[in-house]
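Worksheet for the structure shown next.
In listed order, ligands and their atoms are each counted from 1.
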Amino acid sequence: MSEFPEGLLLEASGLLSSSPSWTIFIHQKADGDAVGSAAALFEAGRLQGRRVRWVGPDKALPAPFLFLPHTEEYLFFEEFAFDDPEELYVFLDSSNEDRGVRGLRSRSRETVVLNLDHHEDNTRYGTLNCVDPSCSSTAELLYRLMRAGDWALTPKIAECLYTGLVTDTGSFMFSNTTPRTHRLAAELLSLGVDPSRVGSRIYQSRSLASMALWARALSRIEVWGGDGEFAVTWLKQDDFSLAEAVPADTEGLVHQLMTVRGVRFAMLLSQFVPGQVKISFRSEEEMVEAATVARGLGGGGHPRAAGATVEGALEDVLAQVRSELEKRHAEWIASR
Ligand code: 5GP
Ligand code: MN
């Protein structure tokens with residue numbers, strides 16, 4: 001992979017430093033990388049004396065991340081007016097214009113949008129696009145931006161960035177974990193991060209409702225294909241209400257399917273609203289890529305962690321995704 005141009009990081013940090021007022025946006029179904037990166041940038045902005053706001057399309061941030069600074073200042077907007085030429089609109093961890101609040105597509109021409117992301121399929125929708133798929137996480141990219149701009153890295157900022165790093169790499173176990181990721185983790189620990197504090201905040205803070213939800217999904221896992229290499233499970237709206245769970249409680253669930261021996265491709269179908277199904281895809285090395293199957297259904301994402309949203313009844317979408325997976329898998333076998 002070619003080296004990401006340092007100049008772009010400097011340009012992005014320069015744009016931030018020359019803008020007195022930032023609005024930070026994160027994507028729907030916010031994860032640890034989105035929340036951690038936003039909290040880090042928010043804190044850095046405040047330290048630099050900027051006016052900072054933080055906006056997203058989820059009603060609330062996931063509970064496990066509420067220990068991070070400034071999460072209490074998060075604002076929910078379904079739709080946002082992008083019309084202030086003096087404002088810097090910063091998008092974090094958002095691969096396209098439809099993953100966040102509505103309104104970005106109809107922004108006025110003179111608005112300035114900074115796109116900071118690590119998704120390979122980022123559509124480069126910003127005025128300035130600082131997108132580096134070689135970064136494990138947006139947090140890793142943001143760290144490099146802050147270093148390039150010679151910004152102060154406080155223990156608080158380090159803890160936010162570490163949260164993004166640890167969640168997007170599956171606690172340093174996913175294939176996006178590189179030597180640079182571990183060097184960054186070491187650097188953040190040197191800056192004062194307590195990994196056991198962050199770990200227990202994020203991974204030992206489950207609600208009983210989310211356990212009840214997972215129990216429902218785990219009790220109906222279906223495994224099929226060659227040596228049982230494909231796995232799928234699903235959750236309907238009923239499951240959420242019976243478990244008293246919320247959409248954010250599905251975070252991490254699809255990964256559980258990958259922990260079954262032999263499973264190399266996993267899918268979770270969740271019906272949050274009637275007539276629409278959100279699908280999460282995960283794949284291992286030496287297997288058709290999650291992103292290939294997701295793209296076949298109008299979605300996208302990282303090669304091995306991708307998603308899509310498909311209209312229809314759950315049973316129909318289930319049949320559709322199974323056949324899409326089998327088709328793409330057969331194509332992948334034939335191409336080897
Ligand atoms: P998750 O399964 O954790 O919700 O999403 C995994 C990855 O897939 C995310 O990082 C995101 O980039 C991508 N993704 C999830 N849902 C969608 C979707 O509906 N459309 C697109 N284009 N990408 C998605
Ligand atoms: Mn990310």
Side-chain angles (χ1 to χ4, degrees), residues 25-41 56-58 62 64-65 91-100 115-125 130-144 160-171 174-177 181 184 217 231-235 246-258 265-273 276-283 289-312 317 321 324:
F25 294 87
I26 56 174
H27 57 78
Q28 54 175 257
K29 253 194 92 207
D31 57 11
D33 192 26
V35 180
S37 300
L41 187 60
D58 295 336
F65 306 124
F91 280 76
L92 295 175
D93 204 41
S94 305
S95 55
N96 64 54
E97 288 151 296
D98 303 316
R99 298 265 298 140
N115 171 9
L116 298 175
D117 187 26
H118 70 125
H119 288 90
E120 209 165 70
D121 63 348
N122 186 292
T123 57
R124 272 77 175 172
Y125 53 84
C130 190
V131 178
D132 183 2
S134 85
C135 283
S136 64
S137 50
T138 299
E140 186 170 334
L141 178 75
L142 198 51
Y143 170 84
R144 295 174 66 198
C160 300
L161 295 175
Y162 185 80
T163 299
L165 196 64
V166 85
T167 52
D168 253 29
T169 58
S171 307
F174 295 159
S175 56
N176 58 351
T177 307
T181 315
L184 171 53
V232 69
T233 193
W234 47 268
L235 288 165
V246 294
D249 291 328
T250 59
E251 184 65 37
L253 174 52
V254 66
H255 182 66
Q256 290 304 306
L257 275 58
M258 293 294 271
F265 195 108
M267 309 192 287
L268 167 68
L269 280 69
S270 311
Q271 183 197 52
F272 301 125
V273 291
Q276 198 182 71
V277 181
K278 164 80 180 66
I279 311 151
S280 287
F281 303 92
R282 298 292 184 272
S283 66
E289 286 190 344
T292 306
V293 182
R295 274 197 303 273
L297 293 156
H302 302 292
R304 295 185 190 132
T309 306
V310 176
E311 306 290 322
V317 177
V321 299
E324 184 70 27

Donor-acceptor under 3.5 Å (His27 side chain, Arg99 main chain): no
Ranked by distance from atom 12 (O) of ligand 1, the top protein heavy atom is His119 NE2, 2.9 Å
Geometric class of the Tyr125/Phe91 ring pair [parallel <30°, tilted 30-60°, perpendicular >60°]: perpendicular
Interatomic spacing from CD in Glu120 to CG in Asn122 - rounded to 0.5 Å: 11.0 Å
Identity of the nearest option to atom 11 (C) of ligand 1, non-hydrogen atoms only, from His255, Glu120, His302, Arg99: Arg99
Contact flag Asp168/the Mn ion (ligand 2), N/O/S atoms, threshold under 2.8 Å: yes
Taking only non-hydrogen atoms of Thr309, do any sit less than 4.0 angstrom from ligand 1? yes
Is the distance between the Mn ion (ligand 2) and the nearest N/O/S atom of Asp93 smaller than 2.8 Å? yes
Looking at ligand 1, does any of its N/O atoms fall within less than 3.5 Å of an N/O of Gly300? yes
Quick look: His27 vs ligand 1, heavy-atom contacts under 4.0 Å, and the answer is neither
Quick one, Asp117 and Ser95 - any side-chain contact, counting heavy atoms below 4.5 Å? yes
What is the nearest protein non-hydrogen atom to atom 18 (C) of ligand 1, stated with its residue, atom name and distance? Gly307 O, 3.6 Å
Heavy-atom proximity to atom 3 (O) of ligand 1, best of His118, Arg304, Arg282, Lys278: Arg282
for atom 7 (C) of ligand 1, nearest protein heavy atom and its distance come out as Ala305 O, 3.4 Å
Any N/O/S atom of His118 sitting less than 2.8 Å from the Mn ion (ligand 2), backbone or side chain? yes
Should you measure from each heavy atom of Lys29, which atoms of ligand 1 turn up under 4.0 Å away? 4 (O)
So does Arg295 pair up with Asp121, basic N to acidic O under 4.0 Å? no
Hey, does Ser136 have a side-chain heavy atom less than 4.5 Å from the side chain of Asp168? no
Identity of the N, O or S atom of Asp33 lying closest to the Mn ion (ligand 2): OD2
Evaluate the ring planes of His118 and His302, with Trp represented by its six-membered ring, and classify them as parallel (under 30°), tilted (30 to 60°) or perpendicular (over 60°). tilted
Should Ile279 be counted as touching ligand 1, given the test is an N or O pair under 3.5 Å? no
Which bit of Val254 gets closer than 4.0 Å to ligand 1, counting heavy atoms only: side chain, backbone, both or neither? neither
